[in-house]
Amino acid sequence: EEGAIMVTGDEEAYKENELNRTVWEEFAHTEVPNVFGNLFIAEDGGFGEVEALWHKTRWLTALLTIGFIISNIYFIISVDMHILAGRPASGEAQNLESSKKQMFLLTHWLVVSVNLNIVKGADLIAIFELGGLTVLIASALHQICLAYFAKIQRLKWFATARLFWQIV
């Protein structure tokens, strides 16, 4: 292991590895290890340290995130609607034979096995994409409504957490 430090020069990784080994050896043969015996939770839940994480640029990054989400939704909807309307997203004209040749492997198999009247694989992908986007937007709106209208603070907190950690 010391040779690994000499080759990589990463002494911090070596120290972390040693710490992991020490902890493992201490608790490996214990039937019910108490690994959180020295864990203390602050009375305020750690919110006293939030101020150190906050910077004036946080508003800018939040606005940028919202802007990117809106622009991505717009782009997905506009491209998929062009595809479903029979206009290629690239703007190039396509004939029927070239669109059959461009059908993706999985969508071609799905179209044939379900006997759908879809000529292009991109149509099927656009339908799935718009369906998934609809479900995602609906679940985000549901969490926003829960966070806004819930009477219990715990429900507001979990709805907000689900919105930002799982949906967005």
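Hydrogens, waters and symmetry mates are skipped; everything else that's a heavy atom, side chains included, is used. Residues take their numbers from the sequence shown, with the count starting at 1.
- To the nearest 0.5 Å, atom CG of residue Asn72 and atom CD1 of residue Ile77 are 11.0 Å apart.
- With values rounded to the nearest 0.5 angstrom, Leu64 atom CG is found 10.0 Å from Ser71 atom OG.
- Put simply, OG1 on Thr65 and CD1 on Ile70 are 11.0 Å apart, with the number rounded to the nearest 0.5 Å.
- The CZ atom of Phe158 sits 14.5 Å away from the CG atom of Leu163 when rounded to the nearest 0.5 Å.
- Neither Trp157 nor Ile144 shares a network with the other; the hydrophobic side chains, linked directly or stepwise wherever heavy atoms of I, L, V, M, F, W or Y lie under 4.5 Å apart, form separate groups for each.
- Contact annotation: the side chain of Leu155 never approaches that of Leu146 to less than 4.5 Å [non-hydrogen atoms, C-beta and beyond].
- Not counting sequence neighbours, the partners of Trp59 by the ring-ring contact (aromatic ring centres under 6.0 Å, His included) test are Trp54.
- Counting non-hydrogen atoms of neighbouring residues, nucleotides and ligands closer than 6.0 angstrom, the CD1 atom of Ile41 reaches no more than 12 such neighbours.
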Determine all donor-acceptor pairs shorter than 3.5 Å in which one atom belongs to a side chain in residues 129-136; sequence neighbours excluded.
from	atom 1	to	atom 2	distance (Å)
Thr134	OG1	Leu130	O	2.7

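- To the nearest 0.5 Å, atom NE2 of residue His142 and atom CD1 of residue Ile167 are 9.5 Å apart.
- You'll find the side chain of Thr160 stays beyond 4.5 Å of the side chain of Gln143, heavy atoms only.
- In the hydrophobic clustering, where aliphatic and aromatic side chains (Ile, Leu, Val, Met, Phe, Trp, Tyr) are joined below 4.5 Å either directly or transitively, Phe149 groups with Tyr148.
- The two atoms that bring Ala147 and Ala159 nearest to each other are N-CB, 3.7 Å, heavy atoms only.
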